[in-house]
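Excluded from the calculations below are hydrogen atoms, water molecules and symmetry mates; all remaining heavy atoms, backbone and side chain alike, are included.
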There are 2 protein chains.
Amino acid sequence: MSVVDAAASVFCREGYAGANIDLIAAEAGVSRQTVYNHHGDKEKLFVAVVRDLTERCNAGIFATIASFPDQPTDLEADLIAFAVRMNRNCICNRDGRFLRKLIQAEGERYPELFAEWRQQGPSRTWSALAARFARLAFAGHLSIGDPDVAARQFLALVNAELQITFMLGGMPTEEEVLRSATNGVRTFLGAFAGKKSPAGKQAALVHA
Amino acid sequence: MSVVDAAASVFCREGYAGANIDLIAAEAGVSRQTVYNHHGDKEKLFVAVVRDLTERCNAGIFATIASFPDQPTDLEADLIAFAVRMNRNCICNRDGRFLRKLIQAEGERYPELFAEWRQQGPSRTWSALAARFARLAFAGHLSIGDPDVAARQFLALVNAELQITFMLGGMPTEEEVLRSATNGVRTFLGAFAGKKSPAGKQAALVHA
DNA sequence: ACAAATTTAGACAGGCTTGTCCAATTCGTC
DNA sequence: GACGAATTGGACAAGCCTGTCTAAATTTGT
């Protein structure tokens with residue numbers, strides 16, 4: 001395990017103040033001196049950990065959003081599968097859980113570091129997701145007022161049943177993820193199911 | 001400020017390991033020795049803080065649930081007002097934010113302490129809320145499949161727009177709380193709005 | 001006003017952690 | 001095999017924190 005990975009693990013488990021450089025070195029399988037040679041001091045190491053996690057998490061999120069069902073065959077099934085992918089690959093995995101915990105625990109102590117995360121992560125995630133939902137609405141599959149609100153509510157709904165598990169740092173089972181996603185998507189579609197006259201059809205008519 | 005209140009503040013701000021008894025004493029306006037006289041040691045003080053917060057938060061939650069609109073005049077407006085009360089009095093207030101942060105940061109280190117919170121807090125909260133929604137459904141105001149799922153999704157929806165603020169330990173403005181509640185309740189009703197033939201009417205007919 | 005209980009300030013030991021220094025060892029590469 | 005670079009283990013100082021102790025000051029109850 002690399003030094004940064006070991007540090008992520010220890011910072012998450014023990015908190016910044018409680019994290020011990022000796023323990024990080026031991027967990028990484030290197031000597032303490034090597035940690036200092038590579039990363040300078042504890043604070044620089046922490047920053048490196050956060051940047052590393054932010055980068056990997058964002059990459060995973062945007063890779064997953066790229067698999068959004070733009071042309072769904074079975075909208076419910078496709079959205080459920082997308083929500084499960086999102087949870088499995090971005091939110092429940094090691095990086096996601098670690099980053100969330102670090103943000104919650106140390107976010108107030110490093111405002112500039114996490115402001116950067118906030119702008120490059122959630123803001124862009126929501127925009128990208130909102131654009132996909134807007135497209136579904138435009139094609140008549142959904143009836144949405146504000147796509148940004150819909151995107152945030154989609155994420156909130158498909159995670160609704162996992163919040164306690166997340167709070168305690170746990171990892172939900174595959175079955176829990178599927179159930180939460182299924183219930184969430186059904187409610188989402190109950191609220192936003194498409195109307196009979198999609199915008200696409202209307203536009204086609206105007207052009208005809 | 002009491003010792004326990006000051007300790008809650010410092011534990012939240014600095015984490016368990018980073019919390020300094022001298023700082024707690026100073027913030028409480030007493031000497032360090034008094035802290036030790038009253039609470040024994042750091043760990044006992046931490047347990048006292050968590051128990052205190054858990055108790056007060058639960059009391060606030062159940063007091064707020066008691067104000068649930070069982071016989072709504074304007075269902076949307078009544079649910080929005082309820083959601084705002086819930087957020088203001090239980091989730092965004094000092095105790096709620098502190099307890100959440102302590103659970104997230106130290107939950108894994110004190111499993112038995114937070115298992116107790118979990119059983120007396122979220123479990124009972126969801127049951128109580130589910131019962132209220134079931135009653136609304138029975139009276140024909142809502143059309144709900146599983147009341148427990150509906151209760152969790154209701155809370156998830158009305159907080160959907162506040163999650164980032166909560167993550168960073170911030171306090172949303174009154175306007176943000178209202179907007180999130182309004183958007184959440186509208187989506188909730190979009191998915192669960194009552195049917196024309198309420199169970200109550202059917203029951204009345206059976207009895208007639 | 002007086003006596004008991006509590007609180008206070010400060011000193012103090014013990015332990016732990018960070019970050020540095022250094023000599024010895026190992027590793028990568030030619 | 002040889003040479004330079006990186007790694008290692010350990011010692012080390014300095015600082016911080018916990019928890020205890022003590023004697024003085026303050027508050028409380030009567």
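- Annotation for A:Glu76: atom CD counts as buried by contact number, over 12 foreign heavy atoms lying within 6.0 Å.
- Near DNA chain D, defined here as any heavy-atom distance below 4.0 Å, the residues from residues 3-28 of chain B are B:Ala19, B:Asn20, B:Ile21, listed numerically.
- Residues satisfying the ring-ring contact (aromatic ring centres under 6.0 Å, His included) test with B:Phe166, not counting sequence neighbours, are none.
- Between the axis at the start and the axis at the end of the helix from C:dA1-D:dT30 to C:dC30-D:dG1 there is an angle of 40°, using five pairs per end and rounding to 10 degrees.
- OP1 or OP2 of C:dT6 has not a single side-chain nitrogen or oxygen of B:His38 nearer than 4.0 Å.
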Grab the N/O contacts between the protein and nucleotides 9-14 of chain C below 3.5 Å, and write none if there aren't any.
from: C:dA11; atom 1: N6; to: B:Arg32; atom 2: NH2; distance (Å): 2.9

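- With respect to the salt-bridge test (charged N to carboxylate O, under 4.0 angstrom), the residues B:Glu176 and B:Arg179 do not qualify.
- With a cutoff of under 4.0 Å to any heavy atom of chain A, the contacted region of DNA chain D is bounded 5' to 3' by D:dT7 to D:dA11.
- Side-chain contact of B:Gln120 with B:Thr54: a donor-acceptor pair under 3.5 Å is absent, judged by distance alone.
- By the 30° and 60° cut-offs, the orientation of the rings of A:Phe11 relative to A:Tyr16 is parallel.
- Between A:Glu108 and B:Lys101 there is a salt bridge, since at least one side-chain N of the basic residue sits less than 4.0 Å from a carboxylate O of the acidic one.
- Residue B:Gly29 is the one, among A:Asp41 and B:Gly29, whose nearest nucleotide of DNA chain C lies closer to the 5' end (criterion: closest heavy atom).
- Salt bridge present: A:Glu27 and A:Arg13 bring a charged side-chain N and a carboxylate O closer than 4.0 Å.
- Residues that satisfy the salt bridge (Lys or Arg N to Asp or Glu O under 4.0 Å) test with B:Asp52, not counting sequence neighbours, are B:Arg56.
- For A:Phe192 and A:Phe133, the gap between ring centers reaches or exceeds 6.0 Å.
- The CD atom of B:Glu106 sits 10.5 Å away from atom CG of B:Leu113, with the distance rounded to the nearest 0.5 Å.
- In this structure, B:Leu45 CG and B:Ile21 CD1 are separated by 6.0 Å, a value rounded to the nearest 0.5 Å.
- Between B:Val177 and B:Cys92, the closest heavy-atom pair is CG2-SG, 4.3 Å.
- Side-chain atoms of A:Asp5 do not come within 3.5 Å of backbone N or O of A:Met1 as any donor-acceptor pair.
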